[in-house]
A.B. asks: 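Here it is, the structure in full.
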Amino acid sequence: MARPWLPCFLLSALTVSVAANLPPKFGDNMTLVQLPEDLPLGAVAFWMVAEDTDNAHLIYGISGPNAYFFNVTRDTGEVRLAYPLDFETLPVFSVTISVSDGLNTVQKDMPVIVEDRNDNAPVFQNTGFSTSINETLPVGSVVFSVLAVDKDTGPAGVVKYFIEKVIPTTLDSEHLFTILDNGSIILNGSLSYNNKSAFYQLQLKACDLGGLLHDDIITQCSSPVFLSITVVDQPDLDPQFVREFYSASVAEDAAVGTSVLQVEAVDGDKGVNDRVTYSISNSTRPGWFAIEADDGVITVEGSLDREQLLDEDEQVQLQVTATESNLNIYGQEAKVSLWVTIRVMDVNDHKPEFYNCSLPHCAFSPQEAQANFTGYVDEHASARIPISGLTMVAYDPDKGENGTFLLSLEGPDAGAFSVSPELAAGSVNVQVLVKESEMVDYERKTEMTVQVVATDSVSKNSSVAMVTIQLRDINDHRPTFPQNLYVLSVPENSATGSVVTSSIQATDPDTGEWGRITYSLLPGNGDDVFAVDPDSGTLTVKNGTLLDRERQAVYYLTLQATDGGNLSTSTTLQVNLRDVNDNPPVVSGSYNIFVQEETGNVSVTIQAYDNDEPDTNNSRLLFSLLPGPYSHNFSIDSNTGLLRNQGPLDREAIDPTLEGRIVLTVRVSDCGVPSLSTDINVTINVEDINDNVPVFSQSSYQFFVKERESGVLVGVVEAWDADQTEVNNRISFGLSGSGASNFMIRGSVLGPGRAEGQIWLPSDGSVDYETQALFLLTVTAENLDPQGHEATAGVNVTVVDVNDEPPTLDEGSLRGISVAENGSQHGQVAEVVARDVDTEAQLEIQLVNVICTKAGVDVGGLCHDWFSVEANGSVYINQSEAIDYEACDLVTLVVRAYDRTTDPRFQAYSNNGSLLITIEDVNDNAPYFLPDNQTFVIIPELVIPNQQVASVRARDNDSGNNGAIEFSILQVNFISKDGATIPFQGFFRIVTSAEATVFTGSIELVTNLDSTLQGTYQVTVQAQDKPSVGPAQEAQVTLNLFTVDQSYRVRLQFSTPKEEVGANVEEIKAALAQATRTTVYVVNIQDVESTARARAQSYLDAYFVFSNGSALTLSELSLMIRKDQDTLTQLLRLGLVVLGSQESQEEDQGKLFISVIIGLGVALLLVLAIMIMALVCMRKSYHRKLRAMKAAKEARKTAAGVLPSGSAIPGTNMYNTERANPMLNLPTKDLGLEYLTSSSDLDYVSLNSLDDNSVDLDGNNQKKEPQHNPPEKDPEPLSVVLSGRQVDTSGEQQGMSFTNPGLDTTDL
């Protein structure tokens, strides 16, 4: 018979056997634990939560390599910290937790995540900082870069640098340096090695942005480090003399090579201290002094003479120049000059000398020095009378006592004279005076001699001058004649000067001047007719024309003889005149006859008589015509004197100068011996008639005139008319021909029948060679004849070129040229051409100015010596190596042309022209990246392909293609948080753009990034120029692109709709950025689903990223917002109600529904299985309850006398909401069993502290410490333990209270 109950029995037995030994099970929340690294030693780290369906006593333990961090209370599962945690050393580790019910042991690996705290201060990577910089370093340059690293994360790991102190501490140095966020120290002011400090010490400090440590926001700062900056002196100053004035003195007899004084100059650049050499660049006495080039010692070079410096205050001025041995930074000599005064001291090196001059007009030249002098004096002159004619000066050029001397007399005649003065200094007029007048006697001695001696009062050296004194005699005799009367005769026709007698002499016994006799005629009868020689006494005819026997036959004269002393004697002279035939004939009247040419006749008688006795040969007269130019045309009767013409007369045949007058000379002679005659002129005026036309002196004329002249005479034409009267020969001139209006002609009479025409340029006009160089004119000459006869002649006026036009520059030669920089070209690069229309021009090209510009801005004179312009216009490169495009890209040579032969009245210079020399760039500069204090952060879920994620900027000082930069990405590596390096290719590209001279490389994303990767993308960017010729130059930089993964995505819930949140998003972002000091990236703004709404209507998802790439977690954000009450108030006003992470607050509704359906199906299957198993296993359940009661009974035995106050639920070890163990002494109102309570997202709080993020809208958010108290020794039984439990979960609804009277231990 079949037994159907047997399988059921076997199944039940098997099930009971298995169920009796079920192992304990860790709670679902025992998945990981997060602990702050600043958790104190001995503090509760966490509790191990496990349950056993068999209600067995559970034993807890921890094992594994990292178990030393914790101590475990084996009975309760309390875990305390035994070893300090360090996020920087071990941020994540795992321990093996175990629980055992005595039969079965369950182990589980539980990760322990160490939360970072701000427990590290920034640390400088190197503390021995020092650098050297040039004093000419431009403001804004990077001086030095430091780096400090903070091992913390988040804002606690963001380093900010500070300059705490600058030594020396002065107002000038306080802000001399600044430091950027990237650690670059920037020069903020100018340096000067000499005028400021040559050394600076910067005290630097690095601090983080603050972070949580021991529940407070703490800012950590590094220990101070010092940066030593040495300023390197540059040779930019001229040398300086150590003294402002140098002077010295030296004796005039100092030997050559004698040191006078030493000048000293030092390099103005103290840090350079260049060697200084010395030279004498100017001197008032060249050749007297020299200077040692190395040490500046001034020595005597030639002979000195103080006496040559009397007009210069006995001083010599030397201009000493100190020059540094090396050029300064501008390529010029560094030098300075100073005037040195050297006084030449007197020595007694001269003796007094005598000079032939008179003060103050003495030059004391060697030509005036003299040893022999002369003078004169009258004999027997009175005492103290000076010698006349003596100009003597004694002079000693020495100074002071050295120039004092004594004067005395010596010689044979010294006793007769004295000298004045006897003592003198310097210079003095010397006089010799008569001392003994009786000794000065001409009769005894006509000449006397003395010696004047000048003796130096110090050296006793002396000089002697010989003075010869001439004595003057006195007159004491008078002259005498041998006779008192002399009788003389002379013809009446004696000529003037004829000697009457030379034998009359007077005598005087005196000598010399007193014995010299002078003869004279005393006034009276005949003194105007005769004269006597004053020296010889010879008597001569003074005026022969006055001798006329017919008027006066005898003259009586008084002859006087006078000596040199004005003593005189006289005698009488009787002079008789002898008669001669001396009366010529006399013609009566005058003869002026007029007769018309061609037709008129002449007939006139000459009337004459003779005063001699009539009817004698002396009175008989004869007439004759003297030969003449026109005497052959006339005849005269010799006896009667009748004058006639022999034919017709022609006016034009007469010399024009005679104006038609013919003058005939008729001679009337007597017959005496010698025969006398008288000539009479007969004037015959031949009257003119107009029977001739004008005639030019030349058939053509050639004249020359300078251009540009006005009011000048061009030339003269001459014409004549043979007619002899003005009315008939008056000539007028006229001009005609091309260009005749440029001239005018002025006629003027040269003489009878002759005229000239002066051709002039008007005062307001001129001719121009360049316009018309030759004028062909016709000049006419005509007289006033009614017939209008005229003559013509050709006049050629050649314009003489005057250098009057300024030269001009050929514009073609001024076309700009290009010259490559850095020594690429040499020699001639251009030629400036000038032109001048003048024929005699001598041109030269002059350089007027050089203008240096860079990008249109004047850069001063740094290019002035790059080029030179020769006189012939050739432009040469002077300093090829110095040409630098980066300093100057355009050199403008301003030139002009100069005509050396230009007339001084006109402009000799052309207008200025500019030759533009473009400096061509050579690729001599590599690109360089511009410092950019930016941090680039990538949020993978926000960035999309083609979006810019970073940028670099670079510049190349070259131009054109040489300065054009192309960016490229050389390498991309991803550095994960664990330090692993993964190469990435193709994820990024770079796009090059340019603005002015700055090139920007925009790094763009090519494809989507993996949002789960945590770390940094290191992108190596290369900047390369693109030269047309030659190799390219390049530079590289590596950028760090920090990633922020989705674990840092934070959700903020608002009580307002998403439209209102969107409208306020900028204000919300500003408030959050103010509180967190981060950049806020908003991901999404959406409304909360109606099924999930509580107090929130919308939510905003965002990331909070620091500049170093780290991001805020939810707990850090919550802490920062709560600490900033102003920001919290503002956010509450904007509708913020809840902070939470996306994982804890957002559930995908679709997944939720699927999970519910699956859960319901599984639950249905489980209910069916349980119902079957319940029927089979009822017996096993009954025995389990009995064991539980026995356990309670045993518990009461441990504390007798204490009654339980409530039912107990055995077999559990679950945490309640306050992390309390129901086995401990806690209230029993709420067991807090998770499977017995209903909770929402806001009700459920896990072990992870990041989940506790509800915002207390009522402002009563008090911090609640978890009741993780260790179990005490409690005398209460299990029912007492359970009855006393009480739970308060942040003001929310209390957990369910559970009492099972069926399990009350009293049933036992």
Side-chain angles (χ1 to χ4, degrees), residues 87-92 116 122-123 125-126 145-154 157-159 181-184 926-954 965-993 999-1024 1032-1049 1079 1081 1103 1105-1111:
F87 173 84
E88 288 73 31
T89 304
L90 194 62
V92 179
D116 189 23
V123 177
Q125 295 301 289
N126 187 1
S145 294
V146 297
L147 176 64
V149 176
D150 193 323
K151 297 180 180 179
D152 297 321
T153 59
V158 178
V159 178
D181 291 342
N182 62 0
S184 295
Y928 60 92
F929 287 93
L930 300 178
D932 198 347
N933 191 24
Q934 292 191 62
T935 301
F936 302 108
V937 178
I938 297 178
I939 301 175
E941 71 169 307
L942 289 183
V943 296
I944 60 176
N946 301 323
Q947 180 177 345
Q948 178 179 327
V949 295
S951 66
V952 293
R953 295 188 308 150
I965 298 176
E966 184 71 30
F967 295 100
S968 60
I969 296 177
L970 297 182
Q971 184 178 358
V972 179
N973 290 327
F974 182 78
I975 311 299
S976 62
K977 287 192 174 181
D978 59 3
T981 301
I982 305 172
F984 274 76
Q985 298 296 332
F987 279 77
F988 301 96
R989 66 168 173 262
I990 189 166
V991 178
T992 304
S993 62
F999 290 79
T1000 302
S1002 301
I1003 300 176
E1004 298 178 352
L1005 190 64
V1006 176
T1007 183
N1008 291 320
L1009 299 176
D1010 188 350
S1011 61
T1012 63
L1013 292 178
Q1014 299 183 7
T1016 302
Y1017 289 95
Q1018 287 189 343
V1019 181
T1020 301
V1021 178
Q1022 175 177 280
Q1024 187 178 60
Q1033 302 201 49
E1034 59 191 30
Q1036 297 178 3
V1037 69
T1038 299
L1039 302 180
N1040 290 324
L1041 280 61
F1042 301 97
T1043 62
V1044 179
D1045 59 83
Q1046 287 185 334
S1047 64
Y1048 292 96
R1049 181 169 177 175
T1079 302
Y1081 298 91
Y1103 291 88
V1105 183
F1106 289 100
S1107 60
N1108 64 353
S1110 60

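This structure is a prediction, so every number in the text was calculated from the model and none was measured.
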A.B. asks: List the steps and the verdict of side chain to side chain contact (heavy atoms under 4.5 Å, CB included) for V158 and D150.
C.D. replies: CA-CA 7 Å; V158 178; D150 193 323; over 6 Å; no
A.B. asks: Give me the atom names and distance for the closest heavy-atom approach of S1002 to Q948.
C.D. replies: OG-OE1, 3.4 Å
A.B. asks: Is the distance between the ring centroids of F984 and Y1017 less than 6.0 Å?
C.D. replies: yes
A.B. asks: Supply the atom-to-atom distance S951 OG to E1004 CD, rounded to the nearest 0.5 angstrom.
C.D. replies: 11.0 Å
A.B. asks: Got V937 and T1079 here, is their nearest side-chain heavy-atom distance under 4.5 Å?
C.D. replies: no
A.B. asks: Between atom CD of E966 and atom CD of E1034, what is the distance when rounded to the nearest 0.5 Å?
C.D. replies: 13.0 Å
A.B. asks: Quick one: does L1009's side chain get under 4.5 Å of T1043's, heavy atoms only?
C.D. replies: no
A.B. asks: Answer yes or no: is there a side-chain heavy-atom contact under 4.5 Å between D152 and E88?
C.D. replies: yes
A.B. asks: Given side chain to side chain contact (heavy atoms under 4.5 Å, CB included), test T1020 with V972 step by step and report yes or no.
C.D. replies: CA-CA 6 Å; T1020 301; V972 179; over 6 Å; no
A.B. asks: Any non-hydrogen side-chain atom of S184 less than 4.5 Å from a side-chain atom of P931?
C.D. replies: no
A.B. asks: Mind checking the OG1-CZ spacing from T1016 to F1042? Nearest 0.5 Å is all I need.
C.D. replies: 5.0 Å
A.B. asks: If every non-hydrogen atom of A1035 is compared with every non-hydrogen atom of P927, which pair is closest and at what distance?
C.D. replies: CB-O, 3.2 Å
A.B. asks: Once you measure the plane-to-plane angle for F929 and F967, does it fall in the parallel (<30°), tilted (30-60°) or perpendicular (>60°) bin?
C.D. replies: tilted
A.B. asks: If I take atom CD1 from residue I1003 and atom CG from residue L1005, how far apart are they, to the nearest 0.5 angstrom?
C.D. replies: 11.0 Å
A.B. asks: When you compare the side chain of F987 with that of V1006, does any pair of heavy atoms fall below 4.5 Å?
C.D. replies: no
A.B. asks: Distance check, rounded to the nearest 0.5 Å: T981 atom OG1 versus F974 atom CZ?
C.D. replies: 10.0 Å
A.B. asks: Do you know the tightest heavy-atom contact between V159 and A148?
C.D. replies: CG2-O, 3.6 Å
A.B. asks: Is it the case that the side chain of D116 and the backbone of T153 share a donor-acceptor pair, with hydrogens and angles ignored and the cut-off at 3.5 Å?
C.D. replies: yes
A.B. asks: Can you tell me how far apart CD (Q971) and CD (Q1018) are? Round to the nearest 0.5 Å.
C.D. replies: 8.5 Å
A.B. asks: Would you please indicate yes or no on a ring centroid separation below 6.0 angstrom for Y1103 and Y1048?
C.D. replies: no
A.B. asks: Hey, does the side chain of T1000 reach the backbone of S993 with a donor-acceptor pair shorter than 3.5 angstrom?
C.D. replies: no
A.B. asks: Show the nearest heavy-atom pair for residues I965 and T992, with the distance to one decimal.
C.D. replies: O-CG2, 3.3 Å
A.B. asks: Quick one: closest heavy-atom pair of Q1033 and A926, and the distance?
C.D. replies: OE1-CB, 3.5 Å
A.B. asks: When you compare the side chain of Q1024 with that of S968, does any pair of heavy atoms fall below 4.5 Å?
C.D. replies: no
A.B. asks: Please examine the side chains of V949 and L1041, heavy atoms only from C-beta on, and report whether any two atoms are closer than 4.5 Å.
C.D. replies: yes
A.B. asks: Could you report the tightest heavy-atom contact between V943 and I938, atom names first, then the distance?
C.D. replies: CG2-CG2, 3.9 Å
